[in-house]
Trainee: 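Quick one: the structure is below, questions incoming.
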2 protein chains.
Amino acid sequence: MRELRIPESGPKRRLLETAEQLFAERGFDMVAVRDITGLAKSNVAAVNYYFGSREELIRLVIYRYATPIGEERLARLEAVEKKWSGKMPPLEEVIEAYVRPLSGIAKKTNLPDAGYHMLVGRILSLPGNVFPQETELITQSAAARFIRVLAKALPTVSGEELIWRTHFLTGGMLHLLVHQDEPRTLGEAAGTPTMDAILSRFIRFATAGLREGLPVEQAPSKGPQATFDF
Amino acid sequence: MRELRIPESGPKRRLLETAEQLFAERGFDMVAVRDITGLAKSNVAAVNYYFGSREELIRLVIYRYATPIGEERLARLEAVEKKWSGKMPPLEEVIEAYVRPLSGIAKKTNLPDAGYHMLVGRILSLPGNVFPQETELITQSAAARFIRVLAKALPTVSGEELIWRTHFLTGGMLHLLVHQDEPRTLGEAAGTPTMDAILSRFIRFATAGLREGLPVEQAPSKGPQATFDF
DNA sequence: GTCTATAAAGTGATAGAC
DNA sequence: GTCTATCACTTTATAGAC
């Protein structure tokens, strides 16, 4: 990773933000260096001058987005474990700790919300081998810890079943990030919820899916029926 | 669509199956015409000679895979509606009708199972505008009908909530097709279930997620606990 | 039908002028 | 720092020999 401090303004900043925007819209593969320098009204050599190469620019973007999310996930999972040490943590709290950091809490960029979430989804869909080593380590740690804490919250679910249910959760999670606009363009009344509201819906969906088959007495009381409003 | 009858053997067949295999492994964007003709031990002009262009070859592949799945979905959803006409169909049967056709029942190709499922997942993840018109129509009809029948099975869930839950289901479904090998390489004991077994797990997961928040008395009795074995 | 040669356009990267 | 010109390479597609 060549240089992690990005100036608050200036050509390097503008190139980076333009690249992020295009990566979010089209995916990494569909963005040429010339697309970035063209839209940023710079010259074709600028990306190589400031970032070394197209590859290094992409790795920088991955680092900037995936690392804080992984750190936030780890911190929250740790907090849940500490809070319920010894006791069985509520399933919903565990899922919340892993999913909520996607909403943009750890966001350190000027990208508009919709673009931010699409970019995060695309990054987390990439194969791990294109991640910078440090980022990959944090991401993997968070995923491993998630499954470990999940197992505490669902002691009667077999390891095999748990892995598959986690896999289903992951798929739904990545899909809602990249394709958040799809339900809205369905013509149907999908409303215009914020990402936090969508994640709340998703956490309830995934909690029910992960708990499937367990006796309801094990489920915590819900209090007043949730309204999904924030 | 230039020519839909593909010979049982010969160079055209070999080119098509080689292309399908590479598309499944890498995704459409990452396969060059030269990759196909090279692996199929043909010459670079063969793809254009037999299929017109790279684009047309891709559209042919999309057509061959997505059309039978859409038809199978429509037929099964229709059967469920007919069987329970007037009455409320069981949620699990509705989801089964939409998801099960992905297992390869409607398969009309020689691609090995793993590749078949990855290819189907990649195709169904594409934006609709690259689909042949006929295929797009069937795919959209099946999706619309799915939501319509779902609404009958879940009359107390609001339209907005239903659309989002369906969106979560779609994400998990596409993810498990393209990344079915991921849980297995996790080092953990994910077992080596068939796609039919994975889909059975997924259908139970998604059924619980879609039914979230509803009183359990509404759920049908389950009979003996399912074992996920086929 | 099969193949080679080549056209036309695009890619990432860089040397060197300013 | 900024920019143009250009290199070396890859892409899809096709003309024309066999």
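Throughout, a chain's letter reflects where its sequence line sits, starting with A, and its residues are numbered from 1.
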Trainee: Would you call R100(B) and E72(B) a salt bridge, taking side-chain N to carboxylate O under 4.0 Å as the test?
Mentor: no
Trainee: Output the rounded distance in Å from CZ (F28(A)) to C1' (dT11(C)).
Mentor: 19 Å
Trainee: Less than 4.0 angstrom between a side-chain N/O of N43(A) and OP1 or OP2 of dT2(D), yes or no?
Mentor: no
Trainee: Just how far, in rounded Å, is C1' of dA13(D) from CD of E55(B)?
Mentor: 13 Å
Trainee: Compare side-chain N and O positions of Y49(A) against OP1 and OP2 of dT2(D) and report whether any pair is under 4.0 Å apart.
Mentor: no
Trainee: Between dG12(C) atom P and Y50(A) atom OH, what is the distance in whole Å?
Mentor: 19 Å
Trainee: What's the CG-P distance between N48(A) and dA8(D), to the nearest Å?
Mentor: 17 Å
Trainee: Just by distance, no angles: are the side chains of E25(A) and Q21(A) close enough, under 3.5 Å, to form a donor-acceptor pair?
Mentor: yes
Trainee: May I ask you to check whether T109(A) and E20(A) show a side-chain donor-acceptor distance below 3.5 Å?
Mentor: yes
Trainee: Rounding to a whole Å, what distance do you find between D35(A):CG and dA13(C):C1'?
Mentor: 16 Å
Trainee: Measure the distance from CG on D29(B) to C1' on dG10(C) and round it to the nearest whole Å.
Mentor: 15 Å
Trainee: Do R34(A) and dG12(C) share a donor-acceptor pair, side chain to base, under 3.5 Å?
Mentor: yes
Trainee: Could K82(A) and E78(A) be called an ion pair, given the rule that one side-chain N must be under 4.0 Å from one carboxylate O?
Mentor: no
Trainee: Closest approach to the side chain of S42(B), judged atom by atom: which nucleotide of dC3(C), dG12(C), dC3(D) is it?
Mentor: dC3(C)
Trainee: So, E160(B) and R165(B), do they make that salt bridge, N to O below 4.0 Å?
Mentor: no
Trainee: For A46(A) and V31(B), take the nucleotide of DNA chain D holding the closest heavy atom to each; which residue's nucleotide lies nearer the 5' end?
Mentor: A46(A)
Trainee: Round to the nearest Å and state the distance from L57(B) atom CG to dT11(D) atom C1'.
Mentor: 16 Å
Trainee: Grab the CE-P distance between M30(B) and dT10(D) for me, whole Å please.
Mentor: 14 Å
Trainee: Looking at the side chain of V44(B), which of dA5(C), dA13(C), dT14(C) is the nearest nucleotide?
Mentor: dA5(C)
Trainee: Using a heavy-atom cut-off of under 4.0 Å over every strand shown, decide if A45(A) touches base, sugar-phosphate, or nothing.
Mentor: base
